[in-house]
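Nothing here was measured: the structure is a model prediction, and the numbers come from that model.
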Amino acid sequence: MCGMPSAETTRTSVHKTTSAQQPEPVRPTKEDEVAAAGSELIGGPIGRRVLYAATWWTPVRVIALVAIGMFALGMVQKMPCYDGAWFQGASSQYTHACYSDIPHLYEGRGFADGLVPYFDKLPGDMEYLEYPVLTGVFMEVASWLTPGSGSIQHQEKFYWMVNAGMLMACTAVIAVCVARTQRRRPWDGLMVALAPAFALTATINWDLFAVALTAAAMLMWARGRTLSAGILLGLATAAKLYPALLLGPLLILCWRAGRWRAFCVTAGAAVGAWLVVNLPVMITHDATGFHIREGWAKFYTFSQERGVDFGSVWLILSQRMDDPLSTDTVNTLATALMLLACLGVGALGLTAPRRPRFAQLAFLVVAAFILTNKVYSPQYVLWLIPLAALARPRWRDFLIWQACEVAYFLGIWLYLAYTTSGDAHKGLPTEGYQLAVMVHLLGTLYLCAVVVRDILMPERDPVRKSGDDDPSGGVLDGAPDVFVLGQGAHPPRHAVHSTEGANVRWGATSTDVSP
(Lines give C-alpha, C1' and ligand atoms only; values in the text may rest on other atoms or scores of the structure.)
Protein backbone atom coordinates (compact mmCIF):
# COMPACT_ATOMS: atom_id res chain seq x y z
CA MET A 1 0.00 0.00 0.00
CA CYS A 2 1.55 3.27 -1.14
CA GLY A 3 0.24 5.15 1.88
CA MET A 4 2.24 3.09 4.37
CA PRO A 5 5.54 4.60 5.54
CA SER A 6 8.65 2.52 5.09
CA ALA A 7 10.94 1.57 7.95
CA GLU A 8 13.65 3.84 6.60
CA THR A 9 11.51 6.95 6.33
CA THR A 10 10.04 6.33 9.78
CA ARG A 11 13.45 6.09 11.39
CA THR A 12 14.56 9.24 9.60
CA SER A 13 11.63 11.25 10.88
CA VAL A 14 12.11 10.18 14.46
CA HIS A 15 15.88 10.48 14.77
CA LYS A 16 16.22 13.48 12.44
CA THR A 17 19.09 11.99 10.50
CA THR A 18 20.27 12.59 6.99
CA SER A 19 22.28 10.39 4.69
CA ALA A 20 25.40 12.21 5.89
CA GLN A 21 24.60 12.04 9.58
CA GLN A 22 24.25 8.82 11.57
CA PRO A 23 21.88 8.62 14.55
CA GLU A 24 23.52 9.51 17.85
CA PRO A 25 24.42 6.38 19.86
CA VAL A 26 22.41 5.82 23.01
CA ARG A 27 24.58 6.30 26.10
CA PRO A 28 23.61 3.78 28.80
CA THR A 29 25.27 5.96 31.44
CA LYS A 30 22.67 8.62 30.67
CA GLU A 31 19.59 6.40 31.09
CA ASP A 32 20.76 3.49 33.27
CA GLU A 33 21.60 4.22 36.92
CA VAL A 34 23.66 1.04 37.34
CA ALA A 35 25.65 1.79 34.20
CA ALA A 36 26.24 5.35 35.38
CA ALA A 37 27.44 4.16 38.79
CA GLY A 38 29.69 1.52 37.24
CA SER A 39 31.23 4.04 34.85
CA GLU A 40 32.73 5.89 37.82
CA LEU A 41 35.36 3.14 37.95
CA ILE A 42 36.73 4.37 34.62
CA GLY A 43 36.26 8.10 35.05
CA GLY A 44 32.51 8.63 34.83
CA PRO A 45 29.85 8.69 32.11
CA ILE A 46 30.71 9.50 28.50
CA GLY A 47 30.13 13.16 27.76
CA ARG A 48 27.59 14.32 25.21
CA ARG A 49 30.34 15.89 23.06
CA VAL A 50 32.34 12.69 22.61
CA LEU A 51 33.38 12.04 18.99
CA TYR A 52 33.34 8.31 18.37
CA ALA A 53 34.82 8.57 14.89
CA ALA A 54 37.76 10.69 16.10
CA THR A 55 39.46 7.85 17.96
CA TRP A 56 40.46 4.26 17.33
CA TRP A 57 38.58 3.31 20.50
CA THR A 58 35.15 2.89 18.98
CA PRO A 59 32.45 1.15 21.07
CA VAL A 60 32.63 -2.04 19.00
CA ARG A 61 36.40 -2.33 19.37
CA VAL A 62 36.26 -1.63 23.09
CA ILE A 63 33.57 -4.25 23.59
CA ALA A 64 35.46 -6.85 21.54
CA LEU A 65 38.63 -6.30 23.55
CA VAL A 66 36.78 -6.42 26.87
CA ALA A 67 35.10 -9.68 25.80
CA ILE A 68 38.46 -11.22 24.90
CA GLY A 69 39.90 -10.03 28.20
CA MET A 70 37.05 -11.59 30.18
CA PHE A 71 37.43 -14.79 28.17
CA ALA A 72 41.11 -14.84 29.13
CA LEU A 73 40.14 -14.46 32.80
CA GLY A 74 37.83 -17.43 32.36
CA MET A 75 40.80 -19.43 31.04
CA VAL A 76 42.78 -18.41 34.13
CA GLN A 77 39.92 -19.71 36.28
CA LYS A 78 40.45 -23.12 34.59
CA MET A 79 44.18 -23.19 35.39
CA PRO A 80 43.89 -25.46 38.48
CA CYS A 81 42.41 -28.10 36.20
CA TYR A 82 44.90 -27.42 33.42
CA ASP A 83 47.70 -27.89 35.94
CA GLY A 84 46.45 -31.32 36.92
CA ALA A 85 42.97 -31.41 38.44
CA TRP A 86 41.51 -32.84 35.23
CA PHE A 87 43.71 -35.88 35.70
CA GLN A 88 43.71 -36.33 39.50
CA GLY A 89 40.37 -37.98 40.05
CA ALA A 90 36.89 -36.62 39.59
CA SER A 91 36.53 -34.66 42.82
CA SER A 92 39.45 -32.27 42.38
CA GLN A 93 38.15 -30.66 39.18
CA TYR A 94 34.79 -30.11 40.88
CA THR A 95 36.13 -28.57 44.07
CA HIS A 96 38.07 -26.08 41.93
CA ALA A 97 34.94 -25.47 39.77
CA CYS A 98 37.09 -25.75 36.63
CA TYR A 99 35.61 -28.79 34.89
CA SER A 100 35.53 -28.92 31.07
CA ASP A 101 34.26 -31.59 28.68
CA ILE A 102 36.89 -30.67 26.10
CA PRO A 103 40.01 -32.48 27.42
CA HIS A 104 38.06 -35.55 28.51
CA LEU A 105 36.39 -36.05 25.14
CA TYR A 106 39.64 -35.80 23.20
CA GLU A 107 40.37 -39.42 24.02
CA GLY A 108 36.83 -40.43 24.99
CA ARG A 109 35.43 -39.63 21.52
CA GLY A 110 38.28 -41.07 19.50
CA PHE A 111 40.08 -37.90 18.42
CA ALA A 112 43.31 -39.07 20.03
CA ASP A 113 43.14 -42.24 17.89
CA GLY A 114 42.30 -40.46 14.66
CA LEU A 115 38.75 -41.84 14.44
CA VAL A 116 36.38 -39.97 12.13
CA PRO A 117 33.23 -38.68 13.86
CA TYR A 118 29.92 -40.26 12.74
CA PHE A 119 31.71 -42.80 10.53
CA ASP A 120 33.93 -44.75 12.94
CA LYS A 121 32.52 -46.55 15.95
CA LEU A 122 33.93 -45.55 19.32
CA PRO A 123 35.07 -47.95 22.03
CA GLY A 124 32.97 -47.90 25.18
CA ASP A 125 29.32 -47.18 25.88
CA MET A 126 29.00 -44.20 23.48
CA GLU A 127 29.32 -45.77 20.04
CA TYR A 128 29.30 -42.50 18.09
CA LEU A 129 29.87 -38.80 18.71
CA GLU A 130 26.73 -37.36 20.32
CA TYR A 131 27.05 -33.82 18.93
CA PRO A 132 25.51 -32.20 15.82
CA VAL A 133 27.56 -32.35 12.66
CA LEU A 134 29.02 -28.85 12.54
CA THR A 135 30.12 -29.07 16.17
CA GLY A 136 31.74 -32.39 15.29
CA VAL A 137 33.61 -30.63 12.49
CA PHE A 138 34.75 -27.96 14.95
CA MET A 139 36.04 -30.65 17.31
CA GLU A 140 37.76 -32.49 14.47
CA VAL A 141 39.53 -29.38 13.19
CA ALA A 142 40.85 -28.72 16.69
CA SER A 143 42.16 -32.30 16.83
CA TRP A 144 44.06 -31.74 13.56
CA LEU A 145 45.83 -28.80 15.21
CA THR A 146 46.73 -30.89 18.28
CA PRO A 147 50.12 -32.66 18.05
CA GLY A 148 49.93 -36.42 18.50
CA SER A 149 53.24 -36.65 20.33
CA GLY A 150 53.79 -36.73 24.07
CA SER A 151 51.63 -38.21 26.80
CA ILE A 152 47.87 -38.35 26.48
CA GLN A 153 47.57 -35.76 29.25
CA HIS A 154 49.82 -33.40 27.32
CA GLN A 155 47.70 -33.90 24.20
CA GLU A 156 44.46 -33.29 26.11
CA LYS A 157 45.80 -30.06 27.57
CA PHE A 158 46.94 -28.92 24.15
CA TYR A 159 43.56 -29.87 22.69
CA TRP A 160 41.80 -27.74 25.29
CA MET A 161 44.12 -24.83 24.54
CA VAL A 162 43.50 -25.09 20.79
CA ASN A 163 39.75 -25.18 21.36
CA ALA A 164 40.04 -22.24 23.74
CA GLY A 165 41.75 -20.22 21.01
CA MET A 166 39.02 -21.07 18.52
CA LEU A 167 36.29 -20.30 21.06
CA MET A 168 37.97 -16.98 21.85
CA ALA A 169 37.52 -16.07 18.19
CA CYS A 170 33.84 -17.01 18.54
CA THR A 171 33.64 -14.73 21.58
CA ALA A 172 34.94 -11.79 19.58
CA VAL A 173 32.40 -12.50 16.83
CA ILE A 174 29.55 -12.61 19.38
CA ALA A 175 30.62 -9.34 21.01
CA VAL A 176 30.93 -7.53 17.68
CA CYS A 177 27.62 -8.87 16.35
CA VAL A 178 25.67 -7.92 19.47
CA ALA A 179 27.26 -4.47 19.55
CA ARG A 180 26.32 -3.85 15.91
CA THR A 181 22.86 -5.44 15.84
CA GLN A 182 21.10 -2.42 17.32
CA ARG A 183 22.88 0.47 15.58
CA ARG A 184 22.18 3.18 18.14
CA ARG A 185 22.91 0.92 21.12
CA PRO A 186 26.43 -0.46 20.61
CA TRP A 187 27.20 -0.28 24.33
CA ASP A 188 24.60 -2.95 25.07
CA GLY A 189 27.22 -5.39 23.81
CA LEU A 190 29.19 -4.64 26.97
CA MET A 191 26.67 -6.80 28.85
CA VAL A 192 27.87 -9.80 26.87
CA ALA A 193 31.51 -8.85 27.27
CA LEU A 194 31.30 -8.41 31.05
CA ALA A 195 28.84 -11.21 31.85
CA PRO A 196 30.49 -13.31 34.60
CA ALA A 197 28.61 -16.47 33.60
CA PHE A 198 29.97 -16.06 30.08
CA ALA A 199 33.58 -16.09 31.25
CA LEU A 200 33.01 -18.98 33.67
CA THR A 201 31.30 -21.30 31.18
CA ALA A 202 32.92 -20.35 27.86
CA THR A 203 35.32 -23.31 27.69
CA ILE A 204 33.20 -26.01 29.31
CA ASN A 205 31.94 -27.19 25.94
CA TRP A 206 31.65 -26.06 22.32
CA ASP A 207 28.41 -24.05 22.60
CA LEU A 208 30.06 -20.73 21.73
CA PHE A 209 30.42 -21.85 18.12
CA ALA A 210 26.65 -22.11 17.68
CA VAL A 211 26.12 -18.92 19.70
CA ALA A 212 28.49 -17.03 17.37
CA LEU A 213 26.66 -18.26 14.27
CA THR A 214 23.32 -17.31 15.84
CA ALA A 215 24.57 -13.83 16.74
CA ALA A 216 25.81 -13.36 13.18
CA ALA A 217 22.44 -14.51 11.83
CA MET A 218 20.64 -11.95 14.00
CA LEU A 219 22.98 -9.22 12.78
CA MET A 220 22.26 -10.13 9.16
CA TRP A 221 18.52 -10.09 9.85
CA ALA A 222 18.85 -6.68 11.51
CA ARG A 223 20.57 -5.42 8.36
CA GLY A 224 17.76 -6.74 6.16
CA ARG A 225 19.90 -9.50 4.63
CA THR A 226 17.33 -12.24 4.90
CA LEU A 227 19.19 -14.79 2.76
CA SER A 228 22.44 -14.45 4.72
CA ALA A 229 20.50 -14.59 7.98
CA GLY A 230 18.87 -17.85 6.93
CA ILE A 231 22.13 -19.46 5.87
CA LEU A 232 23.81 -18.55 9.15
CA LEU A 233 20.79 -19.71 11.14
CA GLY A 234 20.86 -23.05 9.33
CA LEU A 235 24.57 -23.43 10.06
CA ALA A 236 23.95 -22.56 13.70
CA THR A 237 21.27 -25.27 13.87
CA ALA A 238 23.75 -27.70 12.36
CA ALA A 239 26.03 -26.91 15.32
CA LYS A 240 23.36 -26.90 18.07
CA LEU A 241 19.64 -27.47 17.88
CA TYR A 242 18.38 -24.41 19.79
CA PRO A 243 18.92 -21.77 17.01
CA ALA A 244 16.08 -23.36 15.03
CA LEU A 245 13.74 -22.00 17.70
CA LEU A 246 14.31 -18.46 16.39
CA LEU A 247 12.28 -19.27 13.29
CA GLY A 248 9.18 -19.33 15.52
CA PRO A 249 9.44 -15.66 16.59
CA LEU A 250 10.25 -14.68 13.01
CA LEU A 251 7.12 -16.47 11.82
CA ILE A 252 4.91 -14.66 14.33
CA LEU A 253 6.41 -11.22 13.71
CA CYS A 254 6.44 -11.56 9.92
CA TRP A 255 2.84 -12.79 10.07
CA ARG A 256 1.83 -9.74 12.07
CA ALA A 257 3.70 -7.39 9.74
CA GLY A 258 2.77 -9.24 6.55
CA ARG A 259 6.44 -9.78 5.64
CA TRP A 260 5.99 -13.31 4.32
CA ARG A 261 8.61 -13.09 1.61
CA ALA A 262 11.34 -12.20 4.11
CA PHE A 263 10.35 -15.07 6.37
CA CYS A 264 10.19 -17.62 3.54
CA VAL A 265 13.60 -16.59 2.23
CA THR A 266 15.16 -16.89 5.69
CA ALA A 267 13.44 -20.16 6.59
CA GLY A 268 14.21 -21.70 3.20
CA ALA A 269 17.85 -20.65 3.38
CA ALA A 270 18.10 -22.07 6.91
CA VAL A 271 16.71 -25.44 5.83
CA GLY A 272 18.97 -25.47 2.77
CA ALA A 273 22.12 -24.66 4.76
CA TRP A 274 21.27 -27.32 7.35
CA LEU A 275 20.79 -29.93 4.62
CA VAL A 276 24.05 -29.02 2.88
CA VAL A 277 25.95 -29.68 6.11
CA ASN A 278 24.03 -32.75 7.23
CA LEU A 279 23.18 -34.72 4.08
CA PRO A 280 26.75 -35.91 3.34
CA VAL A 281 26.94 -37.36 6.86
CA MET A 282 23.28 -38.26 7.21
CA ILE A 283 22.78 -40.59 4.23
CA THR A 284 24.60 -43.87 3.64
CA HIS A 285 24.11 -46.40 0.87
CA ASP A 286 24.55 -50.12 0.66
CA ALA A 287 23.19 -52.99 -1.40
CA THR A 288 19.73 -52.58 0.12
CA GLY A 289 19.43 -48.87 -0.69
CA PHE A 290 19.76 -45.54 1.13
CA HIS A 291 19.65 -45.37 4.92
CA ILE A 292 20.06 -42.87 7.73
CA ARG A 293 23.56 -43.22 9.09
CA GLU A 294 23.56 -44.44 12.69
CA GLY A 295 26.44 -42.17 13.61
CA TRP A 296 24.63 -39.08 12.35
CA ALA A 297 21.44 -40.01 14.23
CA LYS A 298 23.30 -40.48 17.53
CA PHE A 299 22.76 -36.86 18.63
CA TYR A 300 19.00 -37.18 18.21
CA THR A 301 18.66 -40.66 19.72
CA PHE A 302 20.89 -39.68 22.63
CA SER A 303 18.77 -36.58 23.29
CA GLN A 304 15.63 -38.69 23.25
CA GLU A 305 16.94 -41.54 25.40
CA ARG A 306 18.87 -39.40 27.88
CA GLY A 307 17.38 -39.51 31.34
CA VAL A 308 16.60 -36.61 33.64
CA ASP A 309 19.85 -34.79 34.29
CA PHE A 310 21.44 -31.85 36.05
CA GLY A 311 19.89 -28.42 36.41
CA SER A 312 16.30 -29.18 35.47
CA VAL A 313 13.07 -28.95 37.43
CA TRP A 314 12.59 -32.59 36.46
CA LEU A 315 15.68 -33.55 38.47
CA ILE A 316 14.23 -31.91 41.59
CA LEU A 317 10.99 -33.84 41.10
CA SER A 318 12.90 -37.06 40.46
CA GLN A 319 14.99 -36.68 43.60
CA ARG A 320 11.98 -35.88 45.77
CA MET A 321 9.58 -38.51 44.44
CA ASP A 322 9.37 -42.06 45.77
CA ASP A 323 8.52 -43.29 42.28
CA PRO A 324 10.36 -41.02 39.79
CA LEU A 325 8.87 -40.36 36.38
CA SER A 326 10.16 -42.47 33.51
CA THR A 327 12.25 -40.92 30.73
CA ASP A 328 9.40 -41.35 28.23
CA THR A 329 6.97 -39.58 30.58
CA VAL A 330 9.38 -36.71 31.13
CA ASN A 331 9.94 -36.41 27.37
CA THR A 332 6.20 -36.17 26.83
CA LEU A 333 5.62 -33.66 29.62
CA ALA A 334 8.62 -31.51 28.68
CA THR A 335 7.53 -31.44 25.03
CA ALA A 336 3.96 -30.53 26.00
CA LEU A 337 5.14 -27.71 28.27
CA MET A 338 7.44 -26.37 25.58
CA LEU A 339 4.62 -26.39 23.04
CA LEU A 340 2.37 -24.55 25.49
CA ALA A 341 5.11 -21.99 26.11
CA CYS A 342 5.56 -21.50 22.35
CA LEU A 343 1.82 -21.00 21.94
CA GLY A 344 1.95 -18.43 24.73
CA VAL A 345 4.84 -16.59 23.07
CA GLY A 346 2.99 -16.69 19.76
CA ALA A 347 -0.19 -15.32 21.32
CA LEU A 348 1.83 -12.58 23.00
CA GLY A 349 3.39 -11.65 19.67
CA LEU A 350 0.03 -11.36 17.93
CA THR A 351 -1.91 -9.57 20.68
CA ALA A 352 0.61 -7.17 22.24
CA PRO A 353 -0.23 -3.42 22.05
CA ARG A 354 2.81 -2.93 19.85
CA ARG A 355 4.53 -5.63 17.82
CA PRO A 356 7.27 -7.09 20.07
CA ARG A 357 10.87 -6.73 19.09
CA PHE A 358 12.53 -9.77 17.51
CA ALA A 359 15.11 -10.07 20.31
CA GLN A 360 12.36 -10.10 22.93
CA LEU A 361 10.48 -13.06 21.45
CA ALA A 362 13.74 -14.85 20.62
CA PHE A 363 14.83 -14.59 24.26
CA LEU A 364 11.48 -15.86 25.53
CA VAL A 365 11.33 -18.90 23.29
CA VAL A 366 14.91 -20.00 24.04
CA ALA A 367 14.36 -19.39 27.76
CA ALA A 368 11.20 -21.52 27.57
CA PHE A 369 13.24 -24.36 26.08
CA ILE A 370 15.82 -24.08 28.85
CA LEU A 371 13.17 -23.99 31.58
CA THR A 372 11.25 -27.02 30.30
CA ASN A 373 14.15 -29.17 29.14
CA LYS A 374 15.16 -32.28 31.09
CA VAL A 375 18.75 -31.12 31.40
CA TYR A 376 20.45 -27.78 31.98
CA SER A 377 24.21 -27.88 31.59
CA PRO A 378 25.97 -24.77 33.01
CA GLN A 379 27.15 -23.63 29.58
CA TYR A 380 23.58 -23.36 28.28
CA VAL A 381 23.51 -19.87 29.80
CA LEU A 382 25.63 -18.84 26.82
CA TRP A 383 22.59 -19.29 24.58
CA LEU A 384 20.69 -16.62 26.48
CA ILE A 385 23.33 -13.98 27.26
CA PRO A 386 23.40 -12.27 23.80
CA LEU A 387 19.61 -12.49 23.55
CA ALA A 388 19.19 -11.01 27.03
CA ALA A 389 21.46 -8.08 26.19
CA LEU A 390 19.33 -7.30 23.14
CA ALA A 391 15.95 -8.04 24.71
CA ARG A 392 16.34 -6.23 28.04
CA PRO A 393 19.34 -3.87 27.98
CA ARG A 394 19.15 -2.85 31.64
CA TRP A 395 22.10 -3.63 33.89
CA ARG A 396 20.13 -4.16 37.09
CA ASP A 397 17.96 -6.96 35.71
CA PHE A 398 20.85 -8.45 33.77
CA LEU A 399 23.10 -8.59 36.84
CA ILE A 400 20.36 -10.09 39.02
CA TRP A 401 19.98 -12.89 36.48
CA GLN A 402 23.75 -13.31 36.15
CA ALA A 403 24.11 -13.61 39.94
CA CYS A 404 21.60 -16.46 39.86
CA GLU A 405 23.53 -18.19 37.08
CA VAL A 406 26.86 -17.82 38.90
CA ALA A 407 25.22 -19.34 41.99
CA TYR A 408 24.10 -22.29 39.88
CA PHE A 409 27.56 -22.61 38.31
CA LEU A 410 29.10 -22.97 41.76
CA GLY A 411 26.25 -25.16 43.01
CA ILE A 412 26.57 -27.89 40.40
CA TRP A 413 30.32 -28.31 40.88
CA LEU A 414 30.01 -28.35 44.67
CA TYR A 415 27.25 -30.94 44.37
CA LEU A 416 29.39 -33.12 42.11
CA ALA A 417 32.28 -32.68 44.55
CA TYR A 418 29.95 -33.92 47.30
CA THR A 419 28.84 -36.99 45.32
CA THR A 420 32.37 -37.93 44.22
CA SER A 421 34.24 -37.39 47.49
CA GLY A 422 33.05 -40.59 49.14
CA ASP A 423 32.55 -40.53 52.87
CA ALA A 424 34.29 -37.16 53.13
CA HIS A 425 31.23 -35.47 51.62
CA LYS A 426 33.10 -32.33 50.60
CA GLY A 427 30.73 -29.97 48.89
CA LEU A 428 27.01 -29.31 48.59
CA PRO A 429 24.46 -31.96 49.58
CA THR A 430 21.40 -32.76 47.49
CA GLU A 431 19.12 -30.25 49.22
CA GLY A 432 21.65 -27.47 48.66
CA TYR A 433 21.97 -28.35 44.99
CA GLN A 434 18.20 -28.33 44.58
CA LEU A 435 18.21 -24.81 46.01
CA ALA A 436 20.84 -23.80 43.45
CA VAL A 437 18.66 -25.21 40.66
CA MET A 438 15.69 -23.22 41.96
CA VAL A 439 17.79 -20.05 42.04
CA HIS A 440 18.68 -20.60 38.38
CA LEU A 441 15.05 -21.27 37.42
CA LEU A 442 13.72 -18.25 39.34
CA GLY A 443 16.41 -15.96 37.93
CA THR A 444 15.51 -16.96 34.38
CA LEU A 445 11.79 -16.61 35.09
CA TYR A 446 12.41 -13.15 36.55
CA LEU A 447 14.11 -11.95 33.38
CA CYS A 448 11.33 -13.50 31.28
CA ALA A 449 8.74 -11.65 33.35
CA VAL A 450 10.51 -8.33 32.84
CA VAL A 451 10.68 -8.90 29.07
CA VAL A 452 6.98 -9.79 28.96
CA ARG A 453 6.18 -6.61 30.91
CA ASP A 454 8.16 -4.58 28.37
CA ILE A 455 6.12 -6.15 25.57
CA LEU A 456 2.80 -5.43 27.25
CA MET A 457 3.87 -1.94 28.36
CA PRO A 458 6.14 -0.68 25.53
CA GLU A 459 6.94 2.56 27.34
CA ARG A 460 8.91 0.45 29.85
CA ASP A 461 11.07 -1.03 27.08
CA PRO A 462 14.53 0.65 27.23
CA VAL A 463 14.95 0.39 23.46
CA ARG A 464 11.63 2.01 22.63
CA LYS A 465 11.99 4.64 25.34
CA SER A 466 15.04 5.94 23.49
CA GLY A 467 13.00 6.36 20.30
CA ASP A 468 13.60 3.16 18.34
CA ASP A 469 11.08 0.59 17.13
CA ASP A 470 12.91 -2.70 16.53
CA PRO A 471 16.54 -2.05 15.55
CA SER A 472 17.19 -5.82 15.50
CA GLY A 473 14.07 -6.42 13.38
CA GLY A 474 15.42 -5.73 9.90
CA VAL A 475 12.43 -5.58 7.55
CA LEU A 476 10.17 -5.46 10.62
CA ASP A 477 11.66 -2.23 11.95
CA GLY A 478 9.08 0.51 11.52
CA ALA A 479 6.72 -1.70 9.50
CA PRO A 480 2.95 -1.34 10.05
CA ASP A 481 0.88 -4.32 11.19
CA VAL A 482 -1.47 -6.16 8.87
CA PHE A 483 -2.67 -8.92 11.21
CA VAL A 484 -3.30 -8.35 14.91
CA LEU A 485 -5.47 -10.14 17.46
CA GLY A 486 -7.14 -9.00 20.66
CA GLN A 487 -6.18 -5.73 22.28
CA GLY A 488 -3.30 -5.28 19.89
CA ALA A 489 -5.85 -4.54 17.15
CA HIS A 490 -6.95 -1.38 19.00
CA PRO A 491 -5.03 1.78 19.88
CA PRO A 492 -2.52 0.98 22.65
CA ARG A 493 -3.23 1.86 26.23
CA HIS A 494 0.36 2.96 26.74
CA ALA A 495 1.88 5.69 24.62
CA VAL A 496 5.55 5.32 23.75
CA HIS A 497 7.58 8.49 23.40
CA SER A 498 10.97 9.11 21.93
CA THR A 499 13.60 11.19 23.68
CA GLU A 500 12.53 14.15 21.54
CA GLY A 501 8.91 13.92 22.61
CA ALA A 502 7.47 12.49 19.37
CA ASN A 503 4.87 9.75 19.77
CA VAL A 504 6.36 6.53 18.45
CA ARG A 505 3.69 4.81 16.36
CA TRP A 506 5.62 1.90 14.89
CA GLY A 507 3.79 -1.35 14.56
CA ALA A 508 0.43 0.35 14.10
CA THR A 509 -2.22 -1.45 12.12
CA SER A 510 -2.59 -0.38 8.51
CA THR A 511 -5.88 1.33 9.33
CA ASP A 512 -4.09 3.55 11.88
CA VAL A 513 -1.56 4.88 9.36
CA SER A 514 -2.40 8.11 7.63
CA PRO A 515 -1.93 8.15 3.86
Indicate the atoms forming the closest heavy-atom contact of [X] with [Y], along with that distance.
| X | Y | answer |
| --- | --- | --- |
| Phe263 | Leu247 | CE1-O, 3.4 Å |
| Val192 | Pro386 | CG2-CA, 3.8 Å |
| Arg259 | Ala479 | NH2-CB, 3.4 Å |
| Pro117 | Phe111 | CG-CE2, 3.7 Å |
| Lys157 | Tyr82 | CE-O, 3.1 Å |
| Leu194 | Trp395 | CD1-CH2, 4.0 Å |

Inset, instruction - Please test Arg392 against Phe363 for side-chain contact (heavy atoms from CB on, under 4.5 Å), starting from the C-alpha separation and ending with a verdict. - result: CA-CA 9 Å; Arg392 177 62 184 172; Phe363 173 83; over 6 Å; no
Legend entry - Check: Tyr376 ring centroid to Tyr408 ring centroid under 6.0 Å: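 Tyr376 vs Tyr408: aromatic centres under 6.0 Å.
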Side-chain donor-acceptor pair present, [X], [Y], cut-off under 3.5 Å:
| X | Y | answer |
| --- | --- | --- |
| Trp160 | Glu156 | no |
| Tyr446 | Asp397 | yes |
| Asn373 | Tyr380 | no |

Legend entry - Residue from Asp461, Asp469, Asp477 passing salt bridge (charged side-chain N to carboxylate O under 4.0 Å, His left out) with Arg357: Asp461
Inset, instruction - Report the relative orientation of the aromatic rings in Phe310 and Tyr415; use parallel for angles under 30°, tilted for 30 to 60°, perpendicular for over 60°. - result: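 Taking Tyr415 first and then Phe310, their aromatic rings stand perpendicular (interplane angle over 60°).
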Legend entry - Side-chain ion pair, Arg184 and Asp468, N-O less than 4.0 Å: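 Salt bridge: yes.
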Legend entry - CZ/Arg223: more than 12 non-hydrogen atoms of other groups inside 6.0 Å: yes
